[in-house]
Student: 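The structure's right below; bear with me while I get my questions together.
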Amino acid sequence: MAGTSLERKGIIFRITLIIILIIAIFPVYWIVITSFKRPVENISPVPTFFPKVITIQNYINVLKGGFFKFLFNSLFVASLSTLFSLAMAFLASYALVRHKFPFKLNYIFLIWVLVVKILPPIVLAIPLYTIFTSAHLINSRIGLVIVYQVYTLPYCIWMLFGFLKAMPVEFEQAAEIDGASKFKTLTIIVIPLTTSGIIATAIFSIIVAWDEFLFALLFIRNPDLLTLPLRIVNFITEYETLWGELMAIGLMTTLPVLLFSGYVYRRMTEGFSLSLK
Amino acid sequence: MIFLPAFIVIVFLTVYPIFNVFHMSFFKYNYLSDTKKFLGFTNFIRIITDRLFQKSFINTIIFSAAATFAEVGIGLFLALLFYGFFKGKRLFMIMVIFPMMISTMVVSSIWKTLYHYDIGLFNYILKSIGLHPVGWLINPKMALFSVIIVDIWQWTPFAFIILQAGLNTIPGEIFEAASIDGANYYKTIKLITLPILFNQILLVILLRTIDTFRIFGKVYALTQGGPGNATETVTYYVYREGFTYFNLGRASTASIYILIVISLISVLYIRNIMREEK
């Protein structure tokens, strides 16, 4: 406890701390200042550590260039794929925790879920592309929501399985004795007891879907349906990169996720290392 | 059965495609010309003797090994360095994990400006202290190294946080007892900390190996596999075969090779996870 633990002081310790901090956040600082520089300043061979003239033109251009469209696409895909995954994963994990399965099916299923989490998604890309093409799900947000289940579903199953397994069975037994139906037990007992776990799972799943790039690249060709990561890549790979606008859209894409840093940190230190990734 | 929806989706999105990839790996199949011809094991021989595939495989191994080693090594070092309590620790830790919270595409954009040959900050610093500028992403000898640096920057915080959390579960009394017994700092680390942290270190190594092995976005955004094929990874190879040349057969065969390597890593990973579960 606090009494026995080490209090760290000392000037050298402080200096190391600051150096580490600078390495970690300097690039973030660089995004911010670059996004406020004029295009001329951004292609100057002498980089400046602070904009000579602060401009918000980059942001205006990004907003005019359809930012809200891409934001909507990203939000739509990330939230819907998370919602579907949560629903399916919750039911499946509950079954895995509380029901008996023949032939060790539950065990095989869980291991497979882990394997899918490990799998490089490109391995699945070719057959999925063929299937989705024939089902007219290429160039479609719904198609993206479906294919994102490859990431979010195993993730949600594994995390929710952990939370549900930690929940004592007694409450449900009591509800059952009182004559509550299965559905009622789930909605009144189980879901409220695991709310914090469900929220944690949702946040991590949204972050995963928000950052997804590979399937978006393969499945979306229509410029109106681009997600934010795709739009950013288009900026980077263009012949003449508009650095200021690139950083502006990058910052706007990252900021919402960055706000979760405190939450993610807390979850990670609480021993969620196994559920992560 | 409430279990069924997830089960069906998983089978449809993962089990079926893997059988499909396996099936296609025996065929010459071009999506554009829509020709399909059974080849037997020919693809397997052609791919493994393909210079570019070998190169991409070696690149992936180098990338994965170097990045994982550095991330876990530095992460462990930092976890030991920042053990204990100090003012503002929580805020410090939260800011330190910023790199892994930033979307990979945004991370790639920042580093692309920093690495830029003419206008990048790094070359500016080199020039201003009288050194020659470096072609970070355009020199074939440097490019892979530069991509590795980006991954290290982005993911060392992950190793740091996990190991730091593991370290904090070790009761302070153990360290006190060790120091009373006259153990010095390095001895304490070697004899107490590392053995207790062993499982966590192993887990972080596995997680980082798995994640670096599937690298795609960074390569796509930073170098597109180039210059030449200096940063071509196996995932990029499959992408190019499948989605640029539309050789679905060859791409499938390359995928099978990836699957073989991944299944070796999976065995280690799953054993580790299942042990923790029990």
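Predicted model, so just to flag it, every value in this text is computed and none were measured. Numbered from 1 within each chain, the chains take letters A, B, ... in sequence-line order.
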Student: Name the option with the most non-hydrogen atom pairs under 4.5 Å to chain B; the candidates are V46(A), T253(A), V115(A).
Tutor: V46(A)
Student: Assess, by modelled atom type and distance only, whether the side chains of T212(B) and W155(B) contain a donor and an acceptor separated by less than 3.5 Å.
Tutor: no
Student: Using modelled atom types and a 3.5 Å cut-off, is there a donor and acceptor pairing between side-chain atoms of N42(A) and backbone atoms of T34(A)?
Tutor: yes
Student: Under 4.5 Å from any heavy atom of chain A, what part of L222(B) do you find: side chain, backbone, both or neither?
Tutor: neither
Student: In terms of heavy-atom proximity below 4.5 Å to chain B, should F26(A) be classed as side chain, backbone, both, or neither?
Tutor: side chain
Student: F98(B) versus chain A, heavy atoms under 4.5 Å apart: side chain, backbone, both or neither?
Tutor: both
Student: Which one of P99(B), G166(B), G217(B) has the most heavy-atom pairs closer than 4.5 Å to chain A?
Tutor: P99(B)
Student: Main chain of F122(B), side chain of K127(B): is a donor-acceptor contact present, judged purely on distance under 3.5 Å?
Tutor: no
Student: Examine whether an atom of F49(A) lies under 4.5 Å from a heavy atom of chain B, and if so say whether it belongs to the side chain, the backbone or both; otherwise answer neither.
Tutor: side chain
Student: Which of the residues A89(A), P27(A), G250(A) is involved in the greatest number of heavy-atom pairs with chain B at under 4.5 angstrom?
Tutor: P27(A)
Student: Check each atom of I102(B) against the heavy atoms of chain A and say whether the ones under 4.5 Å are side chain, backbone, both or neither.
Tutor: both
Student: What part of W210(A) gets within 4.5 angstrom of chain B, counting heavy atoms only: side chain, backbone, both, or neither?
Tutor: neither
Student: Of the backbone (N, CA, C, O) and the side chain (C-beta and beyond), which part of F19(B) lies under 4.5 Å from a heavy atom of chain A, both, or neither?
Tutor: neither
Student: Carefully, step by step, assess Y239(B) and F216(B) under the rule ring-ring contact (aromatic ring centres under 6.0 Å, His included).
Tutor: CA-CA 9 Å; Y239(B) 166 74; F216(B) 179 78; 5.2 Å; yes
Student: Determine the option with the most heavy-atom pairs under 4.5 angstrom with chain A, choosing from T156(B), I125(B), V9(B).
Tutor: V9(B)
Student: So which part of N20(B) gets closer than 4.5 Å to some heavy atom of chain A, the side chain, the backbone, both or neither?
Tutor: side chain
Student: For I232(A), is it the side chain, the backbone, both or neither that has a heavy atom under 4.5 Å from a heavy atom of chain B?
Tutor: side chain
Student: Heavy-atom distances under 4.5 Å only: say whether V204(B) touches chain A with side chain, backbone, both or neither.
Tutor: neither
Student: Where on Y263(A) is there a heavy atom nearer than 4.5 Å to chain B: the side chain, the backbone, both, or neither?
Tutor: neither
Student: Between I207(A) and chain B, with a heavy-atom cut-off of 4.5 Å, which part of the residue counts as in contact: side chain, backbone, both or neither?
Tutor: side chain
Student: Let's test your reading of the structure: which of I126(A), L21(A), L124(A) forms the most heavy-atom pairs below 4.5 Å with chain B?
Tutor: I126(A)
Student: Is chain B contacted by the side chain of L119(A), its backbone, both, or neither, given a heavy-atom distance below 4.5 Å?
Tutor: both
Student: Any idea which of L218(A), V150(A), I31(A), N106(A) has the most non-hydrogen atom pairs under 4.5 angstrom with chain B?
Tutor: L218(A)
Student: With side-chain contact (heavy atoms from CB on, under 4.5 Å) as the test, would you mind laying out the steps for F109(A) and I10(B) before giving the verdict?
Tutor: CA-CA 9 Å; F109(A) 182 74; I10(B) 291 272; 4.3 Å; yes
Student: Let me know if I118(A) has heavy atoms under 4.5 Å from chain B in its side chain, its backbone, both or neither.
Tutor: both
Student: Measuring centre to centre across the rings, with the benzene-like ring taken for any Trp, is Y148(A) within less than 6.0 Å of F215(A)?
Tutor: no
Student: By a 4.5 Å heavy-atom criterion (distance strictly below it), what part of F260(A) contacts chain B: side chain, backbone, both, or neither?
Tutor: both
Student: Counting N and O atoms only, with roles assigned by atom type, does the side chain of S85(A) sit under 3.5 Å from a partner on the main chain of L153(A), one being a donor and the other an acceptor?
Tutor: yes
Student: Under a 3.5 Å distance rule, please check whether E245(A) uses its side chain to pair with a backbone N or O of M247(A) as donor and acceptor.
Tutor: no
Student: Closer than 3.5 angstrom, by distance alone: can the side chain of T235(B) be matched with the main-chain N or O of I215(B) as a donor-acceptor pair?
Tutor: yes
Student: Taking the six-membered ring of F235(A), is the NZ or CZ of R231(A) close enough (under 6.0 Å from the centre) and on axis enough (within 45°)?
Tutor: yes
Student: Can you tell me if S25(B) uses its side chain to pair, donor with acceptor, with the backbone of F22(B) under 3.5 Å?
Tutor: yes
Student: Given that the side chain runs from C-beta out, which part of L230(A) has a heavy atom under 4.5 Å from chain B: side chain, backbone, both or neither?
Tutor: neither
Student: For chain A, which candidate among R90(B), Q154(B), M24(B) shows the most heavy-atom pairs at distances under 4.5 Å?
Tutor: R90(B)
Student: Sort S44(A) into side chain, backbone, both or neither according to what part of it lies under 4.5 angstrom from a heavy atom of chain B.
Tutor: backbone
Student: Which bit of H116(B) comes within less than 4.5 Å of chain A, counting heavy atoms only: side chain, backbone, both or neither?
Tutor: side chain
Student: Quick check against the 3.5 Å criterion: does R240(B) have a side-chain atom that pairs as donor or acceptor with the backbone of Y245(B)?
Tutor: no
Student: Tell me, for Q224(B) versus chain A, whether the close heavy atoms (under 4.5 Å) come from the side chain, the backbone, both or neither.
Tutor: side chain
Student: Check whether the side chains of E41(A) and T48(A) place a donor and an acceptor atom closer than 3.5 Å, and report yes or no.
Tutor: yes
Student: Taking the six-membered ring for Trp, is the centroid-to-centroid distance between Y16(B) and F12(B) below 6.0 Å?
Tutor: no
Student: Among the options L259(B), L81(B), L248(B), pick out the one with the most heavy-atom pairs lying under 4.5 Å from chain A.
Tutor: L81(B)
Student: Does the side chain of Q164(B) come under 3.5 Å of the side chain of T269(A) through a donor N or O and an acceptor N or O?
Tutor: no
Student: Sub-3.5 Å donor-acceptor pair from the side chain of S35(A) to the main-chain atoms of G244(A), do we have one?
Tutor: no
Student: Within 45° of the six-membered ring axis of W30(A) and under 6.0 Å from that ring's centre, is NZ or CZ of K37(A) located there?
Tutor: yes
Student: Of the backbone (N, CA, C, O) and the side chain (C-beta and beyond), which part of L255(A) lies under 4.5 Å from a heavy atom of chain B, both, or neither?
Tutor: neither
Student: Please flag which part of L217(A) lies under 4.5 Å from any non-hydrogen atom of chain B: side chain, backbone, both or neither.
Tutor: side chain
Student: Under 30°, 30 to 60°, or over 60°: which ring-plane class applies to F86(B) and F92(B), parallel, tilted or perpendicular?
Tutor: perpendicular
Student: By a 4.5 Å heavy-atom criterion (distance strictly below it), what part of F84(A) contacts chain B: side chain, backbone, both, or neither?
Tutor: neither
Student: Examine whether an atom of I258(B) lies under 4.5 Å from a heavy atom of chain A, and if so say whether it belongs to the side chain, the backbone or both; otherwise answer neither.
Tutor: side chain
